[in-house]
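See structure below.
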Amino acid sequence: MIRIIKEIYKALISLPAGMLVTLKYLFGRTVTMQYPEERWILPERFRGRVVLIRDEKTLKHRCTACGNCLRACPNASLRLESAVDQNKKRYPVKFTVDTALCLFCGLCVDSCPFNALKMNKDYELAAASREACVRSLFPDGENDDR
Amino acid sequence: MNQTIINTTEEYFLNMGPQHPSTHGVLRLMLKMDGEVVLEAVPDLGYLHRGFEKIAESRTYSQFLPFTDRLDYVASMANNQAYCMAVEKLLKAEVPPRAEYIRVIMAELNRIASHLVWFGPFAMDLGAITPFLYAFKSREMILDLFESACGQRLTYSYMKIGGVRWDLPEGFIEKTREFCRYFKGQLDDYETLVGGNIIFLERTRGVGALSKEDAIDYGCTGPVLRATGARHDKRKDEPYSVYNEFEFDIPVGKTGDTLDRYRVRLAEMSESLKIIEQALDKLPQGEISAKLPKLIKPEPGEAYTCIETPRGELGFYIVSDGTAKPYRMKIRSSSFSNLSVIPLLCRGLKVSDVVIVLGSIDIVLGDVDR
């Protein structure tokens, strides 16, 4: 009998104790974010869509179309078409990444011997069709002007 | 009407899943029922099978790393670590001490995050939504730390063969210490909110009790095994990485029921905090990665390593034939073995208890099906 009363007492205590915890958080700081009105501050290393880097001095892409990134990619998501310019140097004409296949691992960036690739902070990559998932590596869709 | 027909009841078949919110993924349970009581429960797997063991045979050693993220996607860091350790064993490569410490910090942070993903939905299985929100609030802080270190929130690919890919970012150590302080208070709140709640205790105590012998027979590892009282933890028994340099306890249960599994996991979180704090104190300076060739070609041979992930023992068995791609890879996942006790545990339970037992086993279907 005493045991039952003890248990009932414990039960009566435990429920308000839990409610006190929630009450504590009720007056705390809000942690939710009103996306898409509010946005995160993404860290430096954020791995979004892979793009080519334009050299600041020469204003040309550093990519020499060597194809190291294509070989490093675990899922064959990169496609490259290259051409040779008047100085007999290779450059990419069409360079695309299929974001439906991309694992966002960054192995292509690691493999590049010329530091010509980076991952930008673009994370809203949903598309209505498979064709729209194939995105150009040239920033803003522009082409190399060689 | 004939009296015998009225009094006869039939056993019937109940299909639970694969699109059931409480099966935590795409698991199908086939239940043979007698009224409310489960007579037999048979898990049906394979809905998330992606053939990673076969994929590994057509990828180079470094290319397979991002795929390990997708095995047990709640604890990717642990998968990365187990895979890298297996390849390092093949290569007989030495990992620099700083990299080992960073790996331990990340793995333990991931253990907390993984247990939080278990804790929240488990309370939700029992009908309490509030703990879920608090658990995910804390987990977000860990994910922010990971994101600052490697740029991703779920599929980290942070470790690489021979070390880690990036050094710790600026302010990481301070933020981790801050998290440790914050999280200690959180654990007390969880205990008041869930562990002390009489409804929770009554629903979980004695439900789905697993004996030590059965747990060992079925190959259970991790908190499911430790809840039965077996003190088995790879971090203590066969210390890998730098775990022998830290002081921590292995929490064990007594009866192996759902409540014990809950208590073991909560205790493990505070043990992980201890390890993280010690590792941050001892963190050495130096290299973060061993010098290895770009294309990794191990000698012909085989290697098996296993580590203690949040769910139990994760092992990678790799056979190399001297080329740049593995000849065969076998992944021993803890979720798969732990799931095999479901038919045993669910016998004689009600459907609502099946949900709890399944939740307490803590399976990740990506890890089960691979």
Side-chain angles (χ1 to χ4, degrees), chain A residues 4 6-26 28-33 35 40-50 68-78 101-113 118-123, chain B residues 55-56 58-70 80 128-131 133-134 136-138 140-141 144-158 160 165-167 169-172 185-186 188-202 294-295 324:
Chain A
I4 293 169
K6 257 188 184 171
E7 293 225 325
I8 291 171
Y9 173 74
K10 255 194 208 165
L12 286 175
I13 290 294
S14 80
L15 297 178
M19 280 175 187
L20 271 179
V21 174
T22 37
L23 194 72
K24 192 173 84 186
Y25 286 99
L26 183 65
R29 198 166 51 88
T30 318
V31 286
T32 43
M33 186 178 276
Y35 177 83
W40 300 263
I41 303 162
L42 293 170
E44 270 306 291
R45 293 177 185 173
F46 185 79
R47 302 210 303 262
R49 186 165 60 93
V50 59
N68 268 4
C69 46
L70 276 74
R71 281 188 289 279
C73 182
N75 233 7
S77 62
L78 294 164
L101 287 176
C102 182
L103 296 173
F104 299 93
C105 59
L107 289 181
C108 48
V109 178
D110 287 3
S111 74
C112 186
K118 69 166 183 185
M119 300 193 98
N120 69 4
K121 294 185 177 175
D122 192 2
Y123 54 86
Chain B
I55 285 177
S58 61
R59 301 291 191 278
T60 63
Y61 285 95
S62 9
Q63 273 181 347
F64 188 67
L65 185 74
F67 290 97
T68 60
D69 290 334
R70 286 149 179 88
N80 284 175
I129 295 177
T130 323
L133 302 171
Y134 296 156
F136 270 63
K137 183 185 158 197
S138 305
E140 280 299 301
M141 299 175 84
D144 284 342
L145 287 172
F146 285 157
E147 198 185 20
S148 71
C150 68
Q152 288 280 346
R153 298 175 78 82
L154 202 66
T155 50
Y156 311 117
S157 288
Y158 179 61
K160 73 171 182 184
R165 278 170 72 181
W166 300 281
D167 206 342
E170 218 171 289
F172 182 91
Q186 284 287 298
D188 295 338
D189 279 357
Y190 298 159
E191 191 52 39
T192 326
L193 200 59
V194 179
N197 189 298
I198 192 79
I199 303 168
F200 174 81
L201 292 173
E202 291 298 314
K294 268 213 159 165
L295 189 65

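We name chains A, B, ... by the order of the sequence lines, and we start the count at 1 in each one.
A distance of 9.5 Å separates CD1 in B:Ile198 from CG in A:Leu12, rounded to the nearest 0.5 Å. The SG atom of B:Cys150 sits 8.5 Å away from the CZ atom of A:Arg45 when rounded to the nearest 0.5 Å. Considering CG of B:Leu193 and CE of A:Met19, their distance stands at 10.0 Å, rounded to 0.5 Å. In this structure, A:Asp110 CG and B:Lys160 NZ are separated by 7.0 Å, a value rounded to the nearest 0.5 Å.
With chain A as the partner, the residue from B:Asp69, B:Asp167, B:Ile55 showing the most heavy-atom pairs under 4.5 Å is B:Asp167. Among the candidates A:Tyr123, A:Phe104, A:Tyr25, the residue making the largest number of heavy-atom pairs closer than 4.5 Å to chain B is A:Tyr25.
Looking at B:Tyr156, the atoms closer than 4.5 Å to chain A (heavy atoms on both sides) all sit in the backbone: N, CA, C or O. With a 4.5 Å cut-off on non-hydrogen atoms, B:Thr130 touches chain A through its side chain but not through its backbone. There is no contact between B:Pro131 and chain A, counting heavy-atom distances below 4.5 Å. Of the atoms belonging to A:Thr32, not a single heavy atom falls under 4.5 Å from chain B. Only the backbone of A:Ala72 comes within contact range of chain B, with heavy atoms under 4.5 Å apart. In this structure, chain B has no heavy atom under 4.5 Å from any part of A:Leu20.
Residues B:Phe67 and A:Pro74 come closest through the heavy atom pair CE1-CB, 3.7 Å. The shortest heavy-atom contact between B:Pro66 and A:Leu103 is CB-CD1, 3.7 Å. Across every non-hydrogen atom of A:Leu107 and B:Ser62, the tightest pair is CD1-O, 3.6 Å. Across all their heavy atoms, B:Arg59 and A:Asn75 have their closest contact at NH2-OD1, 3.4 Å. Closest approach of A:Arg47 and B:Gln152 over heavy atoms only: O-NE2, 2.9 Å. Closest non-hydrogen pair, B:Gln63 versus A:Arg71, comes out as NE2-O, 2.6 Å.
For the side chain to side chain contact (heavy atoms under 4.5 Å, CB included) test, residues two or more places apart in sequence or in another chain that qualify with B:Arg153 are B:Glu140, B:Leu143, B:Asp144, B:Glu147. For the side chain to side chain donor-acceptor pair (under 3.5 Å) test, residues two or more places apart in sequence or in another chain that qualify with A:Lys24 are B:Asp189.
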